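One structure is given below, encoded as structure tokens.
All ligand and atom numbering here is 1-based and tracks the order in the structure. Just so we're clear, the structure is a prediction, and the values are computed from it rather than from any experiment.
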Amino acid sequence: MGLAEQCLQAYAQARRLTLPARYRQAKRVLVAGMGGSAIGGDLLQDMAHFQGATRAVFTWRDYGLPAWVDAETLVIASSYSGDTEETLSAFDAALKRGAPVVALTSGGELKRRAQAKGLPTIDITYKGEPRTSLGYSFLAPLALLADLGFLHCTEAEVEQAVCLLEGLASRYGEVVPEETNEAKALARKLWGKVPIVYSAGLLTGVARRWKTDFNENAKTWAFAEALPELDHNAVNAYARPVVARESAFVLLLRSSFLSPRLLLRYEATAAILKREGVAHEAVDAPGDGPLAHILGMVYLGSWASYYLALLCGVDPSPVPAIAYLKERLAQGA
Ligand code: PA5
């Protein structure tokens, strides 16, 4: 199943979920998850901020929960496997605080615990690596938050974004040669380099997603930073060490929905990168509409990381170091 179809399925599934009345009183939302299951929370947070939402949306990547989470905080526990210990710890903490909880998972302990408590659960039926279930980790909570009035998102907007993804699939796919395939061309430029992904506002979570896709799919170092903050520190550091300057490739992810001041910062920052001799390139979000910009950019980054994996001669699917850590931690030593 492609991302477009997965998005539609996840959105429709979440729309069918009936939430208990008290969930509708929630004053804020916290998405608890790790890695590929947490990124949807960041994308929601960016959308909420972009729309000027008056009720906060947070992402939590840790054990337990922040002290402010209470019975009026909707907690969405997101774990593809359902066995991620940090997310299970957050889930248990949410129940202790009396918070309304929704589980988003394909199975594991999270599903078992949620079922035992009779909690609303969104079943991830998509099969793949956890990070590739982004249609679920983003669109399912998006449907819930739109229903609860935290965010605006119409079916038309979802359809428009999905339509863009379908079009992009035929632009970035394997049969499309490098000369006309933006994802392959990007991977070629990044080969042997350290991708540093810059973004701002609506695309802040997207940059993090690019970084994590480069880490997990291409098994390569990558970093992400956001404007305007990076203009107050990172821009001062490009010269040293020389090995870092020569290894870096800065990607400036842009959206026409960013404010004129931020867009001016992109230009000014690129001028510094040029002056300092740091390889860089601006990447503009495809499509129309904020949701389309987020999803289209996520998609391009995933394809680019996939092609980078192939160039590096690594299998994009397994994540042995993550598996080792989970196993080691499970042994308790
Ligand atoms: O994509 C991956 O494999 C990881 O980033 C996982 O998402 C992360 O380790 C958390 O696991 P899960 O998504 O099963 O909760």
Side-chain angles (χ1 to χ4, degrees), residues 1 3 6-7 10 13-14 30-45 58-65 75-94 101-115 119 121-142 195 197 205-224 295 298-299 301-306 308-309 314-331:
M1 186 194 299
L3 182 61
Q6 189 198 140
C7 286
Q13 218 172 303
L30 177 141
V31 178
M34 302 302 298
S37 291
I39 195 71
D42 291 329
L43 304 180
L44 290 168
Q45 202 173 296
F58 297 90
T59 310
W60 179 250
R61 296 174 164 88
D62 207 336
Y63 294 93
L65 283 175
V75 174
I76 301 178
S78 170
S79 169
Y80 179 84
S81 63
D83 288 323
T84 299
E85 65 174 44
E86 298 93 320
T87 314
L88 288 170
S89 151
F91 173 87
D92 290 343
V101 180
V102 174
L104 173 57
T105 183
S106 73
E109 188 57 28
L110 180 57
K111 189 167 179 180
R112 272 192 293 281
R113 290 185 198 180
Q115 276 176 345
L119 295 173
T121 300
I122 298 170
D123 275 312
I124 305 178
T125 53
Y126 169 81
K127 301 273 174 261
E129 297 304 321
R131 60 197 168 279
T132 61
S133 69
L134 185 113
Y136 271 91
S137 72
F138 179 33
L139 271 288
L142 178 61
V197 194
V206 173
R208 186 177 195 143
R209 169 67 174 196
W210 279 46
K211 175 244 184 239
T212 57
D213 268 353
F214 288 132
N215 294 154
E216 294 182 63
N217 297 336
K219 280 84 179 159
T220 191
W221 289 68
F223 302 92
L295 279 172
V298 162
Y299 200 49
S302 293
W303 274 108
S305 69
Y306 169 76
L308 186 57
V314 296
D315 182 344
S317 295
V319 280
I322 298 173
Y324 161 78
L325 283 167
K326 286 183 177 175
E327 210 170 296
R328 169 95 193 256
L329 270 287
Q331 285 161 7

Check your understanding: N/O to N/O below 3.5 Å, does that happen between G36 and ligand 1?
Key ->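 Among all N and O atoms of G36, at least one is under 3.5 Å from an N or O of ligand 1.
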**Study point:** SB check K111 D123 (cutoff 4.0 Å)
**Key:**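 So K111 pairs with D123 through a salt bridge.
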Check your understanding: So, are R209 and D42 salt-bridged, with charged N and O less than 4.0 Å apart?
Key ->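 The answer is no: the pair does not qualify as a salt bridge.
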For ligand 1, which atoms, with element, lie under 4.0 Å from some heavy atom of [X]?
X: I322; answer: 9 (O)
X: S79; answer: 12 (P), 14 (O), 15 (O)
X: K326; answer: 8 (C), 9 (O), 10 (C), 11 (O)
X: G35; answer: 5 (O), 7 (O)
X: S37; answer: 7 (O), 12 (P), 13 (O), 15 (O)
X: T84; answer: 10 (C), 11 (O), 12 (P), 14 (O), 15 (O)

Would you confirm whether [X], through its side chain, and [Y], through its main-chain N or O, come within 3.5 Å as a donor-acceptor pair?
X: E86; Y: R61; value: no
X: Q45; Y: T59; value: yes
X: S37; Y: Y80; value: yes
X: S302; Y: V298; value: yes

Point to revise | Heavy-atom nearest neighbour in the protein, as seen from atom 14 (O) of ligand 1, with distance rounded to 0.1 Å | key: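 Ranking protein heavy atoms by distance from atom 14 (O) of ligand 1, first comes S81 OG, 2.7 Å.
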Review point. Nearest protein heavy-atom contact for atom 3 (O) of ligand 1: which residue, which atom, what distance?
Key: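 Its nearest protein heavy-atom neighbour is R131 NH1, 3.2 Å.
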Exercise for review: Consider ligand 1: state whether an atom of it lies below 4.0 angstrom from any non-hydrogen atom of E129.
Suggested key: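 The answer is no, since E129 has no heavy atom less than 4.0 Å from ligand 1.
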Check your understanding: How far apart are the C-alpha atoms of Y126 and S106, what are their side-chain angles, what is the distance that settles it, and do they pass the side-chain hydrogen bond (donor to acceptor under 3.5 Å, both in side chains) test?
Key -> CA-CA 8 Å; Y126 169 81; S106 73; over 6 Å; no
Point to revise | Closest candidate by heavy atom, reference atom 2 (C) of ligand 1, pool M34, E86, E85, E216 | key: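 Considering heavy atoms of M34, E86, E85, E216, the nearest to atom 2 (C) of ligand 1 sits in E216.
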Check your understanding: So do L308 and N217 actually touch side chain to side chain, heavy atoms under 4.5 Å?
Key ->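 No, their side chains stay 4.5 Å or more apart.
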